[in-house]
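Numbers restart at 1 for each chain; the letters A, B, ... are given by sequence-line order, proteins then strands.
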Amino acid sequence: IQLTQSPSLLSASVGDRVTLSCKGSQNINNYLAWCQQKLGEAPKLLIYNTNSLQTGIPSRFSGSGSGSDYTLTINSLQPEDVAAYFCYQYNTGLTFGSGTKLEI
Amino acid sequence: QVQLQQSGAELAKPGTSVKLSCKASDYTFTSYYLYWVKQRPGQGLEWIGYIYPENGANYYSEKFKGKATFTADTSSSTAYMLLGSLTPEDSAYYFCARLGLRGVLDAWGQGASVTVSS
């Protein structure tokens, strides 16, 4: 299963609501996760099973989707949200999206 | 808090090998699969394979068979990945990650840079 993320680069302002897209080449059956990756840091799991918020992650992060189309939404963007975000599917094997770089 | 601490950057010559480590803490090391993932700049992430530390069972994605070898030392809660016959295409960041109970990679190491150059 291939995953296509868009956009590859997203510029937004503090307080904005942003949406990141992850589209699979086939049905992922909601086994879709989102991670945040900051330079030099360990990737951090944000969302799993499409819309379940990982413990300790702020509620401004949310996930949605079904079938082959999934979205990560960040409400009220904060400066510390500057990072790269990648999705990955674990329905069939394990594959990753190419990532979205979010800047403010 | 679950932590995976990886070894530092490696600079290696083509044809040689490097051994990366991933030390786990604050969870039962033997009870969770440990995955390895490759990331090349601008190319996204690739799954290399995984090891189950309790019994050493492992699995490699087709692309990395013969390239990577996983081992685990349960006495030190440390997993290792040996990368052999290095080429410039092996230059990348390598991450270890734990497969959590929900079937998702829920904890990641900070990554280790490998640079292959003569």
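Atom OG of A/S52 and atom CZ of B/R102 lie 7.5 Å apart (nearest 0.5 Å). Put simply, CG on B/L99 and CG on A/L94 are 9.0 Å apart, with the number rounded to the nearest 0.5 Å.
With a 4.5 Å cut-off on non-hydrogen atoms, A/Q37 touches chain B through its side chain but not through its backbone. Proximity to chain B is limited to the side chain of A/Q54, based on heavy atoms less than 4.5 angstrom apart. With a 4.5 Å cut-off on non-hydrogen atoms, B/Q39 touches chain A through its side chain but not through its backbone. Within the 4.5 angstrom heavy-atom criterion, only side-chain atoms of B/Y35, from C-beta onward, approach chain A.
Minimum heavy-atom separation, B/W47 to A/F96: N-CE1, 4.1 Å. Considering every non-hydrogen atom in both B/G109 and A/P43, the closest pair reads O-CD, 3.6 Å.
Contact of the A/N49 side chain with the B/V104 side chain is not registered, since no non-hydrogen atoms from C-beta on lie closer than 4.5 Å. With contacts defined as side-chain heavy-atom distances shorter than 4.5 Å, the pair B/L105/A/Y88 qualifies.
Within 6.0 Å of the CZ atom in A/F61, the count of heavy atoms belonging to other residues, nucleotides or ligands exceeds 12. The number of heavy-atom neighbours closer than 6.0 Å to CD of B/Q1, taken from other residues, nucleotides and ligands shown, is 12 or below. Residue-environment remark: CZ (A/R60) exceeds the threshold of 12 foreign heavy atoms within 6.0 Å.
Following chains of ILVMFWY side-chain contacts shorter than 4.5 Å, one cannot reach B/Y93 starting from B/M81, and the two form parts of different hydrophobic clusters. Under the 4.5 Å side-chain heavy-atom criterion for ILVMFWY residues, a single connected hydrophobic cluster contains both A/V14 and A/I74. Following chains of ILVMFWY side-chain contacts shorter than 4.5 Å, one cannot reach A/L39 starting from A/I104, and the two form parts of different hydrophobic clusters. B/V37 and B/L4 fall into different hydrophobic clusters, where Ile, Leu, Val, Met, Phe, Trp and Tyr side chains are chained together by heavy-atom contacts under 4.5 Å. Hydrophobic clustering of Ile, Leu, Val, Met, Phe, Trp and Tyr side chains at less than 4.5 Å, counting indirect connections, keeps B/Y60 apart from B/L45.
Counting heavy-atom pairs closer than 4.5 Å to chain B, the top-ranked of the candidates A/G93, A/A42, A/C35 is A/A42.
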